[in-house]
Amino acid sequence: EALARFAQQTPAGQQVWLLVSGGASAVLELPLPGVGLEDLRRLSAWGLASGVPVEELNAMRAALSRVKGGGLPALFAHARPAGLVISDVPGDDPAIVGSGLLAPLAVRPVSDGWPGWLRRLASAAGPRAAPANCEVSVIGRLEDAMAAAEREAERRAIGCRREPARLSGDAAQAARQVCSALAQQREPLLVCGGETVVRLPPQPGRGGRCQHLALAAAIEFAGRDDRLLLAAGTDGRDGSGDAAGAIVDGGTVARAAVAGHDAARSLAAADSGSLLEASGDLLDTGPTGTNVCDLVFALATPPAGAALR
């Protein structure tokens, strides 16, 4: 509402820069008439628990919003809006970043696959403003972060391979794929990026998709002394806690067992955070101020005394 008032007070013809980062879906909303806070909470909880693809979830959000699905520039239609985007989505499409705050392509017809209560709510919501012209430039991407990791590995003389395909789908399955790829490559370091999903049980524990992926990798590494994996959100926050993610190794499962945690049960209960805290493997960076998806670094370490190349 404060942003809408600011837009109304902006002089006609004034240049306005709209800066949008991945994660903006959660911090900016102006719902359509007839849509309330509890409706948005219900959609968010349902979407996160169901594992629906982020593109579909964003379309659902846009169907209830005045600012998403290209609605934000419409508030500044009397001015000269332009957008700069830091992307956290595959393809870096501004119509998806932040549920499409800057681009109208994210608005799709209400789908028969949506829950009945959501279809009814979207159909009853008030009218949306017409899209406004807005030139948009993408200034930060996951590929930029991965390239920076490659450069740092090169500086440290660590052989590195960047996985071109983005991580997606089930987090535990993605972890197994990363571990398998690491075992088959010659370079000691594998750099991956993307966003996975975790289908939550009825009463989930603590954690996030990066911690879930890290715990699944720790189970694969159990008993080995030559494997490490870091999985973290580039915004410094993963899931329901304050951790950015975790760094696990072949001793994670054993350390957790000493503290009374069973790795398989914790994974099934979506309670990776509790176990990783007990094993001492959580990664806490604090907020980074940006978001370009998640990063995963898998490292095959050499025997004691050998060079890391």
Side-chain angles (χ1 to χ4, degrees), residues 44-53 163 167-184 188-286 293-304:
S44 214
W46 176 85
L48 294 174
S50 67
V52 64
E163 174 56 55
L167 296 175
S168 62
D170 180 75
Q173 180 60 32
R176 290 187 281 270
Q177 292 171 351
V178 169
C179 294
S180 176
L182 179 65
Q184 296 175 34
L189 178 63
L190 175 63
V191 177
C192 305
E195 286 190 357
T196 60
V197 297
V198 179
R199 295 187 182 277
L200 300 178
Q203 294 181 315
R206 294 170 44 205
R209 59 179 178 250
C210 290
Q211 294 164 68
H212 196 86
L213 187 153
L215 177 54
I219 293 174
E220 297 294 309
F221 292 165
R224 301 189 63 154
D225 61 358
D226 61 348
R227 292 288 188 270
L228 292 167
L229 181 137
L230 180 153
T234 52
D235 60 355
R237 180 84 180 265
D238 177 48
S240 58
D242 294 330
I247 305 176
V248 298
D249 56 32
T252 294
V253 170
R255 292 193 298 273
V258 171
H261 293 264
D262 179 87
R265 283 201 296 268
S266 294
L267 197 67
D271 193 26
S272 55
S274 298
L275 182 146
L276 293 166
E277 181 179 45
S279 65
D281 293 330
L282 287 181
L283 175 64
D284 186 359
T285 64
C293 291
D294 302 334
L295 288 173
V296 176
F297 303 143
L299 181 67
T301 62

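Along the sequence shown, residues carry numbers from 1. Values in this document were obtained by computation on a predicted structure and should not be read as measured data.
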Checklist entry - Can you find a pair of side-chain heavy atoms, one from Glu277 and one from Arg206, that are under 4.5 Å apart? => result yes
Checklist outcome for this item: Correct closest heavy-atom pair for Ala232 and Cys210 would be C-SG, 3.4 Å
Checklist entry - Taking all atoms of both residues into account, what is the closest heavy-atom pair of Ala175 and Ala216, and its distance? => result CB-CB, 3.6 Å
Next on the checklist: Within the structure provided, determine whether Ile247 and Asp281 are in side-chain contact (heavy-atom separation under 4.5 Å).
Outcome noted: no
Checklist entry - When you measure from the side chain of Asp294 to the backbone N and O of Thr196, does any donor-acceptor pair fall under 3.5 Å? => result no
Checklist outcome for this item: What one should report as the nearest heavy-atom pair of Ala268 and Pro201 is O-CG, 3.9 Å
Checklist entry - Closest heavy-atom contact between Leu282 and Gly273? => result CD1-O, 4.0 Å
Next on the checklist: Is any side-chain heavy atom of Gln184 closer than 4.5 Å to one of Leu190?
Outcome noted: no
Checklist outcome for this item: Distance col, row Asp242:CG vs Thr285:OG1, nearest 0.5 angstrom, shows 10.5 Å
Next on the checklist: Just verifying a value: how many Å separate Asp271 CG and Gln203 CD, rounded to the nearest 0.5 Å?
Outcome noted: 11.5 Å
Checklist entry - CG/Leu182 to CD/Glu220 distance, rounded to the nearest 0.5 angstrom? => result 11.5 Å
Item to check | Nearest-0.5 Å distance, CG of residue Leu276 to CG of residue Leu283 | outcome: 11.0 Å
Checklist entry - Counting only N and O atoms by type, is there a donor-acceptor contact under 3.5 Å from the side chain of Asp238 to the main-chain atoms of Gly241? => result no
Next on the checklist: Any heavy-atom pair between the side chains of Leu189 and Phe297 that's under 4.5 Å?
Outcome noted: yes
Next on the checklist: Quick one, His261 and Ser274 - any side-chain contact, counting heavy atoms below 4.5 Å?
Outcome noted: yes
Checklist entry - To the nearest 0.5 Å, how far apart are CD in Gln211 and OG in Ser266? => result 11.5 Å
Checklist entry - Should Leu229 and Val178 count as side-chain neighbours, where that means a heavy-atom distance under 4.5 Å? => result yes
Checklist entry - Which pair of non-hydrogen atoms, one from Gly47 and one from Val52, has the smallest distance, and what is that distance? => result O-CG1, 3.5 Å
Item to check | Any side-chain heavy-atom pair of Arg199 and Asp170 under 4.5 Å | outcome: no
Item to check | Spacing of Leu213 atom CG and Gln177 atom CD [to the nearest 0.5 Å] | outcome: 9.5 Å
Item to check | Shortest non-hydrogen separation from Ala174 to Leu167 and the atoms involved | outcome: CB-CD2, 4.4 Å
Checklist entry - Are the side chain of Asp225 and the backbone N or O of Arg227 linked by a donor-acceptor pair below 3.5 Å? => result no
Checklist entry - Less than 4.0 Å between a side-chain N and a carboxylate O, is that true for Asp226 and Arg224? => result yes
Checklist entry - Quick one: does Leu267's side chain get under 4.5 Å of His212's, heavy atoms only? => result yes
